[in-house]
Amino acid sequence: MLTSLSTGASAFSVLLGRPSPQSSSSSSSWGVVSRSGTTGKGRTTAAAGGGGGVHSPSSAAVSPLFMGRAAAVRAATKGKTDAKKAKTNAIYGKKIIMCVKQGGPDPESNRALADLMKAAKANSVPMDNINRAIKKASESNTGDFSERTFEAYGFGGASLVINVLTDNDNRANADVRSVVGKNNGKMAEQGSVLFMYDRKGKIEVPGVVDEEKLLEAAIEADVEDFELVVEAMEDGDVSMIYVEPSDSSNMLEAVKTMGFETGVKMELAYVSKAPVEVSEEDFEANMKLIDALEDLDDVDSVEHNMSN
């Protein structure tokens, strides 16, 4: 029987993408508004996302200048999306190379590789890229990649977990420290931040996942515990399902049996045990720091404990 994973102050944090600093929040320690409460089997909550602009009737006539700005915004958005896809492909390429070097190129005998390939496919990495990375791992001139985690403090009590995947530790160390310093953050001692986070598997599903149906699918997939969080985003609701890392692959398959295929993503994430709400000014400063870190080639992802 599934049981709720969270009680009181130890509830999972909603580190779900990058919510708008204007997002509303409840008095819950998660910074979310309960949608269906605690069931004793898995808890569903709903987080408010950022809102969009409202056009007045008088703005119906669009000037050529406005059209030009709109086109520029669309082009910039597409550029960011393309860059994000390219980085995602590169990150999984490095992860696959590292995994193949450690356990071999056959996913039948290398379970870690099989799970990683599932995650790559779930994150829309082309099969050609996956096969190319597996092949590249056997080439003698391919570097050895390793994972590292840096810890830092931002503004307003925010903490950061910086996940790095690199073939050059010295370069990664120098780049991360330089970016944190230039953006007025502060590097933290090893372990001084991570103890405030839990390592969890995270399944991201576009739309609202029905909790009772998910419960049934999870039981069939031998997933004992899960946490379901629904976040309202500008382009629609998104469901986040948190599980133990070892249950990630099984939960992904459970979600697929419910009919969710397109846009479903799977990854491992550090989830804050004690989220904090920061001021709008501190939020913007922290997001600037996070953006700068994620622009580094060696940085896989950056997680934080901000609830707003």
Worked verdict on Leu293 versus Leu289 for side chain to side chain contact (heavy atoms under 4.5 Å, CB included): CA-CA 6 Å; Leu293 285 166; Leu289 170 56; 4.1 Å; yes

Interatomic distance, Ile203 atom CD1 to Glu253 atom CD [nearest 0.5 angstrom]: 9.5 Å

Got a second to check how far Ser279's OG is from Glu284's CD, nearest 0.5 Å?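 It comes to 9.5 Å.
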
Within the structure provided, determine whether [X] and [Y] are in side-chain contact (heavy-atom separation under 4.5 Å).
X	Y	value
Pro206	Thr262	no
Ile162	Val180	yes
Tyr270	Leu194	yes
Asn286	Met306	yes
Ser192	Glu151	yes

Modelled atom types, side-chain donor and acceptor of Asn163 and Glu303, under 3.5 Å: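 Yes - a donor-acceptor pair under 3.5 Å links their side chains.
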
Verify whether one side chain among Asn305 and Ser272 offers a donor that lies under 3.5 Å from an acceptor in the other.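 There is no such pair (donor and acceptor under 3.5 Å, judged by atom type) between the side chains of Asn305 and Ser272.
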
Does any N or O in the side chain of [X] come within less than 3.5 Å of the main-chain N or O of [Y], such that one atom is a donor and the other an acceptor?
X	Y	result
Asp298	Val164	no
Lys200	Ile241	no
Lys94	Leu165	yes
Ser239	Val209	yes

Please determine whether side chain to side chain contact (heavy atoms under 4.5 Å, CB included) holds for the pair Ser248 and Asp115, giving the CA-CA distance in whole Å, both sets of side-chain angles, and the decisive distance to 0.1 Å. CA-CA 9 Å; Ser248 299; Asp115 289 343; over 6 Å; no

Neighbour count >12 (heavy atoms, 6.0 Å) for atom [atom1], [X]:
X	atom1	value
Glu281	CD	no
Lys87	NZ	yes
Asp297	CG	no
Lys256	NZ	yes

With Arg171, which of Asp175, Asn173, Asp167 fulfils side chain to side chain donor-acceptor pair (under 3.5 Å)?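 Output: one option passes, namely Asp167.
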
Not counting sequence neighbours, which residues clear side chain to side chain donor-acceptor pair (under 3.5 Å) with Lys95? List them please. Asp300

Cluster question for you: counting only ILVMFWY and a side-chain heavy-atom cut-off of under 4.5 Å, with indirect links fine, are Leu268 and Val302 together?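 Cluster IDs for Leu268 and Val302 differ.
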
For Met117, which fellow cluster members are found when Ile, Leu, Val, Met, Phe, Trp and Tyr are connected by side-chain heavy-atom distances below 4.5 angstrom, either directly or through intermediates?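 Listed partners: Tyr92, Ile96, Val100, Leu113, Leu116, Val125, Met127, Ile130, Ile134.
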
Listed by chain and number, what are the salt bridge (Lys or Arg N to Asp or Glu O under 4.0 Å) partners of Lys101, not counting sequence neighbours? Asp144

Please determine which of Glu267, Glu227, Glu244 meets the salt bridge (charged side-chain N to carboxylate O under 4.0 Å, His left out) test together with Lys202.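 Option passing the salt bridge (charged side-chain N to carboxylate O under 4.0 Å, His left out) with Lys202: Glu267.
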
